[in-house]
Amino acid sequence: MEKEKVAQYINRKQLLQPTDKVLVALSGGADSVALLRLLQASGYDCEAAHCNFHLRGAESDRDEAFVRQLCVKQQVPLHTVHFDTARTAEERHISIEMAARELRYGWFEEIRQKINADAIAVAHHQDDSVETLLLNLIRGTGINGLRGIRPKNGHIVRPLLCLERKEIISYLNRIRQDYVTDSTNLQDEYTRNKIRLNLLPMMQEINPSVKESILNTAEHLDGASAIYKQGIDEGIKRVRTAEGICIERLMQELAPATLLFEILYPLGFNTAQIGDIYRSLEGQPGKIFTSEHWCIVKDREYLLIEAHRHPIQPALAMEEHVFTPDFVIPRDKNTACFDADKLTHPLLLRPWRQGDSFIPFGMKGRKKVSDYMTDRKFSLLRKEQQWVLCCGEEIIWLIGERTDNRFRIGTSTKRVLTVRLLPAGDSPVTP
């Protein structure tokens, strides 16, 4: 019965063709073992892939040994790999679960290409889809997070999404196929297991058919999401500009908060952060919000979005020469000329700091660097990238903008120091 149900599901969702070669993700647990046996029984050309993540000590090695024995018995070619998952998680600053996911799916695709397989089959079933939906709902998500697990994503296919966990166990018992059990699945330790062991049983007391109800809702939302995505994509095109998200245009949208959520959630901002960002739109400019990799700045007319980066030190080329009457001062903002004899201290290149001031070329009074940049309508992110060239404690050049009037070339100048801002990637040159 399960075989026919899976075959019909594969056909209905167009997951596989009868002649396809399939790489089966085989952990040794009940779900993946059933997946392999069902696909074999349906006539598919199967190879297996097993990851040893070394997270459960002897159990991890036990699982690998079981998988090897199963593949020998079923005459299935097996590919194995060992990962130092904990180390990868630490190096990438991600959770163990996320590290394992990235490692296994990256490796699965490598093996798929190597053996020229048409698809990678993984053993998610109906219960997994329900748990994923509830987990996303608890954490906070948009409409896409309420669609459950998708049957197909690129080369990844999930033929068992038509079966409940109890149907999988029943099938394995009927064909007398053993499997290994991950002890962590029996512990009320992780959020997903709390949903499986505690939350779902409570929900079933209220509605015995709650899993079916949730999956039906997910099916409806899957169709609605296609229409939703089209509207979101069109909205993003209307509000996004080269400068950033135009706040005025965003607020004219039918559901500005929802559109903002769909723009920022993929960048790692959570629901609470996005709510704070939305509320900041009516406030004064200057607020900064950060996710792991992105920075959002509420500027005057725009929400500025940039990847995290430290101020990049500019490369400068310096050249000193004798001043002659035919010397022409360049009008290029990336080139600055100074009376070399007025430079009595070593030159220092540094990012600007609050409280910095200078006397802009052509002026007599001091001006704060912050006020100068505000007058020039620098964005907050642009301000963060500004550097200054100093002679001792005095700023002689706001790099790429304006020199200080006190160090200008005059009638008494004998030597000129020319400083050029080099294109990114070039090496600095000193006299």
Side-chain angles (χ1 to χ4, degrees), residues 89 92-95 97-99 101-102 129 131-150 153 190-192 194-195 199 214 217-218 220-310 378-385:
R92 299 183 186 178
H93 304 290
I94 55 179
S95 67
E97 182 180 19
M98 183 61 70
R101 175 184 172 81
E102 291 182 2
S129 190
E131 291 163 13
T132 296
L133 189 151
L134 290 174
L135 183 62
N136 290 339
L137 187 63
I138 291 168
R139 290 174 174 171
T141 185
I143 190 171
N144 288 331
L146 300 178
R147 296 164 61 196
I149 299 175
R150 309 319 312 139
N153 183 13
Y190 302 108
T191 304
R192 184 179 288 273
K194 288 181 180 179
I195 292 172
L199 182 58
I214 291 173
T217 299
H220 292 313
L221 288 173
D222 189 35
S225 70
I227 302 171
Y228 175 81
K229 183 179 184 301
Q230 180 179 335
I232 290 296
D233 290 344
E234 292 172 354
I236 291 174
K237 289 178 182 178
R238 289 191 293 267
V239 305
R240 180 171 283 166
T241 70
E243 291 83 2
I245 300 172
C246 178
I247 295 173
E248 182 180 0
R249 294 182 194 174
L250 176 67
M251 299 311 292
Q252 291 174 351
E253 290 292 316
L254 183 63
T258 300
L259 183 56
L260 184 64
F261 178 91
E262 294 296 344
I263 294 172
L264 300 184
Y265 190 74
L267 303 182
F269 292 92
N270 61 38
T271 304
Q273 286 177 304
I274 296 171
D276 290 340
I277 294 169
Y278 182 71
R279 286 185 289 274
S280 79
L281 299 182
E282 297 179 354
Q284 295 296 316
K287 285 198 172 183
I288 300 176
F289 306 87
T290 60
S291 66
E292 184 177 356
H293 300 293
W294 294 90
C295 179
I296 302 289
V297 177
K298 165 42 171 88
D299 209 9
R300 299 171 187 83
E301 300 175 13
Y302 299 95
L303 273 182
L304 309 177
I305 305 175
E306 282 198 12
H308 276 311
R309 61 182 184 181
H310 297 291
F378 277 30
S379 72
L380 291 171
L381 294 177
R382 170 72 176 82
K383 288 179 181 178
E384 288 184 0
Q385 300 300 315

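Inter-residue side-chain proximity for C246 and Y302 is flagged as met; some heavy-atom pair is nearer than 4.5 Å. Using a 4.5 Å heavy-atom cutoff, the side chains of I263 and L303 are not in contact. For the pair M98 and E102, the minimum side-chain heavy-atom distance is below 4.5 Å. Between I274 and T271, the closest side-chain pair of non-hydrogen atoms is not below 4.5 Å.
Here the straight-line distance linking atom CZ of R147 with atom NE2 of H220 works out to 14.5 Å at 0.5 Å rounding. Note that the CD1 atom of I227 and the CD1 atom of I232 stand 13.0 Å from one another [nearest 0.5 Å]. The distance from atom CD1 of I305 to atom CZ of R240, rounded to the nearest 0.5 Å, is 6.0 Å. Taking CD1 of I214 as the reference point, atom CG of L137 lies at 9.0 Å (rounded to 0.5 Å). Here I247 contributes atom CD1 and M251 contributes atom CE; the two are 9.0 Å apart, rounded to the nearest 0.5 Å. For the atom pair CZ (R249) and NZ (K237), the distance works out to 14.5 Å, reported to the nearest 0.5 Å.
The two atoms that bring R279 and A272 nearest to each other are NH2-O, 4.4 Å, heavy atoms only. Minimum heavy-atom separation, L267 to S291: O-OG, 2.9 Å. Between P256 and Y278 the shortest heavy-atom distance is CG-OH, 3.5 Å. Shortest non-hydrogen contact noted between T290 and C295 is CG2-SG, 4.2 Å. Considering all non-hydrogen atoms of both residues, A218 and G148 come closest at CB-N, 4.3 Å.
The backbone N or O of G283 lies less than 3.5 Å from a partner atom in the side chain of K298, making a donor-acceptor pair. In terms of modelled atom types and a separation under 3.5 Å, the side chain of S225 and the main chain of N144 share no donor-acceptor contact. Within the 3.5 Å criterion, the main-chain N or O of N270 finds a donor-acceptor partner in the side chain of Q273.
Counting heavy-atom neighbours within 6.0 Å of K383 NZ, excluding the residue itself, gives a total above 12. Within 6.0 Å of atom CZ in R300, more than 12 heavy atoms from other residues, nucleotides or ligands are found, so the atom counts as buried in its surroundings.
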task: Quick one: do I138 and L199 satisfy side-chain contact (heavy atoms from CB on, under 4.5 Å)? Show the steps, please.
output: CA-CA 11 Å; I138 291 168; L199 182 58; 4.1 Å; yes

message: For I245 and L260: C-alpha separation, side-chain torsions, deciding distance, then whether side-chain contact (heavy atoms from CB on, under 4.5 Å) applies.
response: CA-CA 9 Å; I245 300 172; L260 184 64; 4.2 Å; yes

Intermediate values then yes/no, side-chain contact (heavy atoms from CB on, under 4.5 Å), R192 and T132: CA-CA 8 Å; R192 184 179 288 273; T132 296; 3.2 Å; yes

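In this model, no donor atom of one side chain and acceptor atom of the other lie less than 3.5 Å apart for S129 and R150. For the residue pair E243 and T241, a side-chain donor N or O sits within less than 3.5 Å of a side-chain acceptor on the partner.
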